[in-house]
Amino acid sequence: MKYSPIKNYINGKFTDALGDRKMDLVSPIDGNALSTVPMSSYKDLDDAVKAAKKAFETWSRIPIKERVQVFFKYKTLLEKNIQSLAELCSEENGKTIGESLAEIEKCIELTEFATSLPQLVSGEVLEVSRGVECRTEHVPLGVVASIVPFNFPSMVPNWTIPNAIALGNCMIIKPSEKVPLSCGKLAELLKEAGLPDGVFNIVHGDVEVVEAICDHPGIQAVSFVGSTRVAKIVYQRCAQNLKRCLALGGAKNHLMVLPDAKADMTAQNVAASMSGCAGQRCMAASAMVGVGNVDHIIDKICEEARKIIPGKNLGAVINKESQEKIEKYITEAEQQGARILVDGRNTKVAGKEKGTYVGPTVIDQVTPDMAVAKEEIFGPVISIMRTQTVDEALAIENANPYGNAASVFTQNGGMARYIIDHASAGMIGVNVGVPVPREPFSFGGWNESKFGVGDITGKSSIEFWTKLKKSTTKWNPEAGINWMS
Ligand code: NAD
């Protein structure tokens, strides 16, 4: 076991969970044992809520310009520790070190945004009638929770930590039980940056803790990022408890490739989008619709895919179960008549035989009714469908229940604009394979890729992590004059 058993982090201290239930943690890279993760209970969560509630009394009263000083320091610490954070991220998640470094760079950008919140969060004030002033203020909610998935062990936590805390809330995070190590390191850095004890807490676990978070009366708001199946459960359970919730779900992102697209650039973007982070990105290209004759581009996509070497510039998928599920999708598509142009099944990396790898896979002649066309595969696989017109391509894109991202590859500006207007997704790319909006633009999909109002990052997150106080004041009141006068 490389690391000592993982602990919760409550009130500034790493503490053992109360129960005995735990899970083994192994690295997807080579199957080596890393640690054990505790499966916490309602009582563990309750301890964290009590600590956070106490910390909120002080933290929420500190002016925001002072609160963000912690995040200026935290940003510097992320920069200083980028290599060790990236190594930990790769070890527990399986992604390449380059991908992990990019993930930490994104954490730095997210933190930079949080330091700008004092400039963005000011309310409004207006003299609404003689001597009468109305004012709005963004007020923190209290104790909030963030439930996160396995695919970005540091970045998704940092979608919520800096903004929610800088805005005056105290947070409990529930990391994915598949990648629990990175959050512990983030807690250490936040403490080193000067964050008071109790403002940030970690409770590890699985369904039991998630249900406790949804039910606990001391938690005011819950953000969730993960699969659509669980996003629905969490959103509905929070609503039942009359709790504010923003739940981001899964994705099936369509790339529409037009015959006039620049072939080399398109092929590189498609291959990078479908295989980056081993396809385990909610922004990954998962389905491609070739409009008209794009055979020359598909040939180049295959060439690019063959340059991607598992264990070198392609990481592992999270575990055996995921590896088997991805391979099953490929086999089923083959049995249904699709053509496997590049086959990533049965991939082994020398010296890392227990690692869980799937090579890049390009599937052509997919029809819209096949599972590989409709469902989230979450592996380095692209399913290619063909249409004669852009409208047919859009009909396929619109019919999928998700709506995270869509992209078009073309040199025709009018056609690109038409696709921006008609694709049913929250984030659209033009000649961009992974159209993640960078700060200060917010991140969030549509349809079954997101439940709740607003987005999780950027300015939009201010509305989620605060409530609006409206005050109406009149000084020097005079008798006999109506305040509305
Ligand atoms: P997941 O839904 O299995 O798990 C997410 C979180 O929910 C974890 O913390 C997990 O412990 C918890 N959980 C799992 N099953 C649960 C249940 N039955 N009840 C309550 N809680 C439960 O997701 P994952 O496999 O960790 O992550 C991959 C998924 O996340 C993909 O679908 C991906 O598209 C999605 N994702 C979406 C976004 C986005 O921005 N929309 C970003 C990243 C990942």
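Note that these values count all heavy atoms, side chains included, but never hydrogens, waters or copies made by symmetry. Counting starts at 1 for both ligands and their atoms, following the listed order.
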Near K191 NZ, under 6.0 Å, is it more than 12 heavy atoms from other residues, nucleotides or ligands?
yes
Short list, please: which atoms of ligand 1 are under 4.0 Å from a heavy atom of E177?
10 (C), 11 (O)
Please list, in number order, the atoms of ligand 1 under 4.0 Å from a heavy atom of G250.
32 (O), 34 (O)
If the cut-off is 4.0 Å to any non-hydrogen atom of K174, which atoms of ligand 1 fall inside it?
8 (C), 9 (O), 10 (C), 11 (O)
Verify atom 36 (N) of ligand 1: protein non-hydrogen atom under 4.0 angstrom away:
yes
Which protein non-hydrogen atom lies closest to atom 28 (C) of ligand 1, naming both residue and atom, and how far is it?
F378 CE2, 3.5 Å
Is any NZ, NE, NH1 or NH2 atom of the basic residue among E334 and R345 found under 4.0 Å from an Asp or Glu carboxylate oxygen of the other?
yes
Does ligand 1 come near enough to V148 that some N or O of the ligand is less than 3.5 Å from an N or O of the residue?
yes
Does CG in D421 sit with more than 12 non-hydrogen atoms of other residues, nucleotides or ligands closer than 6.0 Å?
yes
Using a 4.0 Å heavy-atom cut-off, which part of W159 comes near ligand 1: side chain, backbone, both, or neither?
side chain
Polar-atom distance check: T228 versus ligand 1, any N or O pair below 3.5 Å?
no
Quick check: S227 and ligand 1, any N/O pair under 3.5 Å apart?
yes
Does E321 CD have over 12 foreign heavy atoms under 6.0 Å away?
no
Check the angle between the aromatic planes of F150 and F378 and answer parallel, tilted or perpendicular using the 30° and 60° thresholds.
perpendicular
Atoms of ligand 1, numbered as shown, that sit under 4.0 Å from any heavy atom of E376:
31 (C), 32 (O), 33 (C), 34 (O)
Any salt bridge between D455 and K450, counting N to O under 4.0 Å?
yes
For atom 27 (O) of ligand 1, what is the closest protein heavy atom, and at what distance to 0.1 Å?
P149 CB, 3.3 Å
Checking side-chain polar atoms at under 3.5 Å, does D197 have a donor or acceptor matched by the opposite partner on N11?
no
Please report which non-hydrogen protein atom sits nearest to atom 15 (N) of ligand 1, along with the residue it belongs to and the distance in Å to one decimal place.
V230 CG2, 3.5 Å
Flag for N319-T356: side-chain donor and acceptor within less than 3.5 Å:
no
Does ligand 1 have any atom that is closer than 4.0 Å to a heavy atom of G249?
yes
Ion pair K354/D30, N-O distance below 4.0 Å
no
Protein heavy atom at shortest distance from atom 26 (O) of ligand 1
F150 N, 3.1 Å
Which protein heavy atom lies closest to atom 17 (C) of ligand 1, and at what distance to 0.1 Å?
V207 CG2, 3.7 Å
Heteroatom proximity flag, N151 to ligand 1, N/O under 3.5 Å:
no
N or O pair under 3.5 Å between F224 and ligand 1
no
Counting distance only, does the side-chain N/O of E92 pair as donor-acceptor with the main-chain N or O of L181 below 3.5 Å?
yes
Nitrogen or oxygen atoms of L248 and ligand 1 under 3.5 Å apart
no
Reference residue E91; test side chain to side chain contact (heavy atoms under 4.5 Å, CB included); the match among L34, N32, I97, V179
L34
In the protein, which heavy atom is nearest to atom 39 (C) of ligand 1, and how far is it?
C282 SG, 3.3 Å
Is the number of heavy atoms from other residues, nucleotides or ligands within 6.0 Å of CZ (R21) greater than 12?
yes
Students should be able to answer this: which protein heavy-atom is nearest to atom 12 (C) of ligand 1, and at what distance?
V210 CG2, 4.0 Å
Nearest-contact summary for atom 40 (O) of ligand 1 - protein heavy atom, Å
F443 CE2, 3.1 Å
Residue-level breakdown please: for I147 versus ligand 1, do any non-hydrogen atoms fall below 4.0 Å on the side chain, on the backbone, on both, or on neither?
side chain
Neighbour count above 12 (heavy atom, 6.0 Å) for F14 CZ
yes
